[in-house]
Visitor: 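This is the structure, below, for whatever I ask next.
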2 protein chains.
Amino acid sequence: MKLSQRGEYALRALLVMGMNHGPGVIRIKDIAQQQNIPRRFLEQILNDLKSAGFVQSKRGVAGGYRLQRGPGEISLADIIRHLEGPLAPVGCVSVNYYQRCSCPDEGKCAIRSVMQEVRDAIVGVLEGVSVAHLCDRVRDLQGPLENPLDYVI
Amino acid sequence: MKLSQRGEYALRALLVMGMNHGPGVIRIKDIAQQQNIPRRFLEQILNDLKSAGFVQSKRGVAGGYRLQRGPGEISLADIIRHLEGPLAPVGCVSVNYYQRCSCPDEGKCAIRSVMQEVRDAIVGVLEGVSVAHLCDRVRDLQGPLENPLDYVI
DNA sequence: ACAATACTTGACTCAATCAGTCGGGATTCT
DNA sequence: AGAATCCCGACTGATTGAGTCAAGTATTGT
């Protein structure tokens, strides 16, 4: 699994939305400025996240984006799978994007058995972390702040 | 970490050399045929592995390749790092290929802290497996065979 | 009503990487 | 000498990554 720029931007944007989760929406422009993401590119990314059901949008003057589900219900594994495809290092051990490889017998492939373990290790971490967990980490890492809005992602 | 075709071929070739480790060499042609790898492409790959010190070669009529170090001394982590670059999903948590990312404070980056864990999980598996271990797995997975040369990778 | 604000959609560019291919040169064994 | 084998660099064609851009549609404050 390799996280592309696109993927990293998506996570950062989702994290901003997680930190400000509530009934209101956040403008794309604000996310872009706060996180130093090219605005046009971010539009594209958020659109993608929207059609995947991770976020919802509101148009017009007071428009913007917000998380569709609660931050506790979105795991990083889900997000990254949607954005980057398989978490597994090779297709033949991927559960969600399985692809047969050229070796004669997968059941007896030693390389595959190692890659299986790698996959499990990656998935183990990523399934266990939700956007809400990420928010918790942000708060833990920041320590006590005077202004609770004054955080860094 | 994503394993490219090139990387997979390299592992398969190294595994063949591991299974036949001894004073003699193996012809590139034989590896290519046995593993169904395009010969010219494999030449390129083995050349790379040679200049990295994983294998050594012998030219001329009875020429070929063999492992330079013992199969127990080459970890998959080393091989893949050489072939594919960083094992980490993002540059800012890579030990061997560190690259600063654009977030304002790495020490307080929640995403980074998760990626750190992913990296550790991947490296944990891959550092622990050598070519010799791979060979053991081949033998385990095959079960008892009539002809000990009749194995699959 | 209407202008301003913000999201929407699809096409487009530019560079890098991947997966090979190819031609010919250098060595070594017989 | 001649065949087998490795050695080396250049080349190609397809795909992906990171953005950019233009023109459009919906919503709302006044």
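Reckoned from all heavy atoms, side chains included, excluding hydrogens, waters and symmetry mates. We name chains A, B, ... by the order of the sequence lines, and we start the count at 1 in each one.
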Visitor: Provide the closest heavy-atom pair for B:Leu67 versus B:Gly18 in the form atom of the first, atom of the second, distance.
Guide: CD1-CA, 3.8 Å
Visitor: Within this structure, what is the CG-to-P distance between B:Leu49 and D:dC7, rounded to whole angstrom?
Guide: 12 Å
Visitor: Under a single-linkage definition using a 4.5 Å side-chain heavy-atom cutoff for Ile, Leu, Val, Met, Phe, Trp and Tyr, are B:Leu141 and A:Val90 assigned to the same hydrophobic cluster?
Guide: no
Visitor: Whole Å only: how far is the CG atom of B:Leu46 from the P atom of D:dC8?
Guide: 13 Å
Visitor: I want to check something: taking the side chain as every heavy atom from C-beta on, are B:Val114 and A:His133 in contact at a cut-off of under 4.5 Å?
Guide: no
Visitor: Using the C1' atoms of the five pairs at each end, what is the angle between the end axes of the helix from C:dA1-D:dT30 to C:dT30-D:dA1, to 10°?
Guide: 10°
Visitor: Could you tell me the separation between the OH atom of A:Tyr65 and the P atom of D:dT27, rounded to a whole number of Å?
Guide: 14 Å
Visitor: Rounded to whole Å, please give me the gap between CD1 in B:Ile45 and P in D:dC8.
Guide: 16 Å
Visitor: Rounded to whole angstrom units, what separation is found between the CE atom of B:Met17 and the P atom of D:dC6?
Guide: 11 Å
Visitor: Starting from P on D:dT16, measure out to CD on A:Gln5 and report it in whole angstrom.
Guide: 19 Å
Visitor: So, OP1 or OP2 of D:dG17: does either fall under 4.0 Å of a side-chain N or O from A:Tyr9?
Guide: no
Visitor: What's the shortest heavy-atom distance between B:Arg119 and B:Val93, and which atoms?
Guide: CD-O, 2.8 Å
Visitor: Going by number, which of residues 23-41 of chain B have a non-hydrogen atom under 4.0 Å from DNA chain C?
Guide: B:Pro38, B:Arg40, B:Phe41
Visitor: Regarding D:dC8, can its base be found pairing with the side chain of B:Gln44 as donor and acceptor, where the two atoms are less than 3.5 Å apart?
Guide: no
Visitor: Just how far, in rounded Å, is P of D:dG17 from CG of A:Leu83?
Guide: 11 Å
Visitor: Rounded at 0.5 Å granularity, tell me how far CD1 in B:Ile45 sits from CD in B:Glu43.
Guide: 10.5 Å
Visitor: Do B:Ile37 and B:Val25 land in one hydrophobic cluster if side-chain heavy atoms of ILVMFWY residues count as linked below 4.5 Å?
Guide: no
Visitor: Mind checking if A:Gly60 touches a base, just sugar-phosphate, or nothing, with heavy atoms under 4.0 Å?
Guide: base
Visitor: Could you give the start and end, 5' to 3', of the contact zone on DNA chain C for chain A, using atoms under 4.0 Å from its heavy atoms?
Guide: C:dA4 to C:dA11
Visitor: Please give, in whole Å, the distance from D:dC7 P to B:Asp48 CG?
Guide: 13 Å
Visitor: I need the minimum non-hydrogen distance between B:Lys2 and B:Glu84, along with the two atoms involved.
Guide: O-OE1, 3.6 Å
Visitor: Between atom CG of A:Leu76 and atom CG of A:Leu134, what is the distance when rounded to the nearest 0.5 Å?
Guide: 5.0 Å
Visitor: Any chance you could measure B:Ile80, atom CD1, to B:Glu8, atom CD, to the nearest 0.5 Å?
Guide: 10.5 Å
Visitor: Atom CD of residue position A:Gln56 - does it have more than 12 heavy atoms of other residues, nucleotides or ligands inside 6.0 Å?
Guide: yes
Visitor: Are any of A:Lys58's side-chain N or O atoms less than 4.0 Å away from OP1 or OP2 of D:dT28?
Guide: yes
Visitor: Please check if the number of heavy atoms outside A:Glu127 that lie under 6.0 Å from its CD is greater than 12.
Guide: yes
Visitor: For DNA chain D, whose closest nucleotide is more 5', that of A:Gly7 or that of B:Asn47?
Guide: B:Asn47
Visitor: What heavy-atom pair brings B:Ser57 and B:Tyr65 nearest, and what distance separates the two atoms?
Guide: CB-CE2, 3.6 Å
Visitor: Quick check on D:dA18: is either OP1 or OP2 less than 4.0 Å from any side-chain nitrogen or oxygen of A:Ser4?
Guide: yes
